[in-house]
Protein chains: 2
Amino acid sequence: MSGPLTERRQMILKLVIQEFVDTATPVASETLVRKYRLPVSPATVRNDMAALEELGFLTHPHTSGGRIPTDAGYRFFVENLMERTSLSPAEQRMIRHQFYQVRGELDQWVQLACAVLARTAHNASVATAPRAEQLRFKSLELIAIHETMALAVIVFHGGIIKQQTLPIEPGRTPEDLRRAAGVVSDLLADATLTRAEELAAVATFNGVPLSEFERTLVDMVVRAMIAFEEQAQEQIYSDGLLEMLSQPEFMPASGRDDAERAIERLRRTLEILKSGRGLGPLIPQALASGGVQVIIGGEHGEDAMRDYSVILARYGVEGALVGVLGVIGPTRMAYPRSISTVRYIASLMSNLLADLYYANPRPSEPDVDTPATS
Amino acid sequence: MSGPLTERRQMILKLVIQEFVDTATPVASETLVRKYRLPVSPATVRNDMAALEELGFLTHPHTSGGRIPTDAGYRFFVENLMERTSLSPAEQRMIRHQFYQVRGELDQWVQLACAVLARTAHNASVATAPRAEQLRFKSLELIAIHETMALAVIVFHGGIIKQQTLPIEPGRTPEDLRRAAGVVSDLLADATLTRAEELAAVATFNGVPLSEFERTLVDMVVRAMIAFEEQAQEQIYSDGLLEMLSQPEFMPASGRDDAERAIERLRRTLEILKSGRGLGPLIPQALASGGVQVIIGGEHGEDAMRDYSVILARYGVEGALVGVLGVIGPTRMAYPRSISTVRYIASLMSNLLADLYYANPRPSEPDVDTPATS
DNA sequence: CATTAGCACTCTCACTTAGCGAGTGCTAAC
DNA sequence: GTTAGCACTCGCTAAGTGAGAGTGCTAATG
């Protein structure tokens, strides 16, 4: 009954999606013919639409009123119909420029990535900070704040730092602090958490037992590493709520029912963004696979996510320092644009991080757009 | 015509506000009598309500349907009718415990304060990071990341740190880095921005001209200080959007008009929270005055804030390291609770920061609730 | 003179009905 | 396979209706 997926039907599917993404209203056969000057009559388009519906790519919210794409429709579009675009050179330049302005300030990168993602893809964005698979200690610095308080700066591989205050006994000189920090730095050099714990248990350096103060410091580092390990998993940056809010999905133009649902939707979205719940399972997945992941609506089991699509990509230095970033928005989303944005920013961030890792920096400005495999 | 503000009328105003805060619906004369067992008839209450209306403390959204407080009504309530409460000891303990858990991690304090404020006051919260009136350099540490890249950790008075990467020439040894950092640390010790700029211009240390590398470092510090000066002004942390969203104001229980407005309201709120616009003028004001500031609805000129109240307090160490924190929510807000929450957390944060500043730490747990002057 | 009972009046809310218009599905012709 | 024609469906809007809530006013009361 349904018939084959002819060339024309694919084009119609593509047009329906395009149109729906643009207007956010169900698209009618006649509109399509008029707007795109199709060389066939509305009736023909209707027939094809009916076929596409039976194939599962389109639906009908109401008997009257046009068609809208299903998740499967979007999926087919993303996989087969969409032409793979890149951001325009001008946009790429603008984005690079923004990153250039915070070069060096690596604590700003993730936030900036979120902000740019959101603005460019016109949707909400999420990102995790880059994270080593294995947290590795690098060095410890102690700076006296006053007689009984010092600031410890714990540095890990990959430019991750953690600050911590700790009380000290009044007698200690700056030289004292420096020496202790030096001992601990050397002792724990390049240690992973487990290694650090072992070393803490032994509590000797070159056969000499650690002083009490040094032991305190080692303990502090271990605790900081544990805390980091636990916390970093959950920390998800996000931005662009406002961007997403201005999508028509959240404007109750029609009835009151719609409005109620819009608010409810919004609340859910907020919860997702805030807690990263709903993203949870996706992130390890994105970390595992390279390339850009597209999860459309209900494909992802979570019920709360039924109306949203997520586009994620891993970024960073393979095996050393990786994170995930992406875009989240209504299923009715400009996939080509969102995907190329995510791809571009992921590659940009990867290059930035690579500079941190490799002595011989690759050109930190991807000339066109180094596509990851999809 | 309006008549005097008798004792009873004040009580009625108070009850109306209490009731309206609770239920979010206009309150009727009869409800009041029934619920609070008033020894007068609804008619009497009505008369008093009419008087209160003429005094400008109450309004009528519609001819039928009860009364709701005006901004002036809330103001009178806050100033004269409200009993000054404190958070319950149990709550205080719980909050202290949470801060205790991140003791030492001063980069977490502001975020935690926001989170706790939001949860406790059931509203959105805002806070600025503590900030010295004069940023003062403390020390610089350099850690090699690899042959051509180093991580600089710039420490300022008050535990403010800034990390920055910088490229280095391949030849440099760790010892090299340490020495250079030491020179710069000593040279710039305790310098303010202007002083640092002067020193950078002179570019000598104890009469000896700085090496090129050292000059680079000094320049970096100066740039970092400038960046900080500019940025810190605007950086506003916030939390608790979800908390606020669950206020009935944002639930379109009634008509569609309401819903539309709810979304619009929400969008505005988001903008305010995100950019801090609308709070801008308030923050310096709060910094200037001690105590807890309450700004109700339209009292603050900004039109976008007409439906919101803001409760702000300064925290920190007077003249050394201060910030602002507070709560923002619908004018229909539990003022006593919000105010005591803000007051308590501000004093808690102040004590935490005082520990950083004074060698002899005051007890970091305010036993009851050190009230700031209002 | 403050208080109160009684009552008419107002205005919102929720529900129903009717009409319109958009868009489809089907059928029959090409 | 394509198209014109047309009946049919269904959501949306506007208008109308009844109920209920709550007030404002008036007149009676201590």
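Lettering follows sequence order; numbering is per chain, from 1.
- Within 4.0 Å of A:Thr63, counting heavy atoms only, lie sugar-phosphate atoms of the nucleic acid but no base atom.
- Between B:Glu54 atom CD and D:dG24 atom C1' there is a gap of 13 Å when expressed in whole angstrom units.
- Separating the CG atom of A:Leu58 from the P atom of C:dT24 is a distance of 11 Å, rounded to the nearest angstrom.
- Side-chain proximity of B:Arg46 to C:dT4, D:dG24, C:dT24: nearest is D:dG24.
- OP1 or OP2 of C:dT3 sits under 4.0 Å from a side-chain N or O of B:Arg8.
- Checking C:dC11, D:dT3, D:dT23 against the side-chain heavy atoms of B:Ser64 singles out C:dC11 as nearest.
- At the phosphate of D:dG24, OP1 or OP2 sits under 4.0 Å from a side-chain N or O atom of B:Arg67.
- Candidate nucleotides C:dT3, C:dT24, D:dG24 were compared by shortest atom distance to the side chain of A:Met49, and C:dT24 ranks first.
- Looking at the side chain of B:Glu53, the nearest of the listed nucleotides C:dA5, D:dG24, D:dT2 is D:dG24.
- Each of B:Pro61 and B:Pro42 was assigned the nucleotide of DNA chain C with the nearest heavy atom; the assignment lying further toward the 5' end belongs to B:Pro42.
- The CD-C1' distance, from A:Glu30 to C:dG25, rounds to 16 Å in whole Å.
- Here B:His62 does not reach the OP1 or OP2 of C:dC13: none of its side-chain N or O atoms lies under 4.0 Å away.
- We find that CG of B:Leu32 is positioned 14 Å from C1' of D:dT23, with the value rounded to whole Å.
- There is no side-chain donor-acceptor pair under 3.5 Å between B:Thr120 and B:Tyr344.
- Residue A:His60 contributes atom NE2, which lies 11 Å from atom P of D:dG11 at whole-angstrom precision.
- Per the geometry, CD1 belonging to B:Ile68 stands 14 Å off P belonging to D:dG22, to the nearest Å.
- A salt bridge is absent between A:Glu243 and A:Arg119: the closest approach of a Lys/Arg side-chain nitrogen to an acidic carboxylate oxygen does not fall below 4.0 angstrom.
- In this structure, B:Lys35 places its NZ atom 12 Å from P of D:dG22, rounding to the nearest Å.
- Atoms CG (B:Leu52) and P (D:dT23) sit 13 Å apart, rounded to a whole Å.
- Side-chain contact between B:Phe77 and B:Leu13 is absent, with no heavy atoms from C-beta onward closer than 4.5 Å.
- Using a 4.0 Å cut-off between charged nitrogen and carboxylate oxygen, A:Glu19 and A:Arg67 do not count as a salt-bridge pair.
- Comment: A:Arg46 does not engage A:Glu53 in a salt bridge, judged by the lack of any side-chain N to carboxylate O separation of less than 4.0 angstrom.
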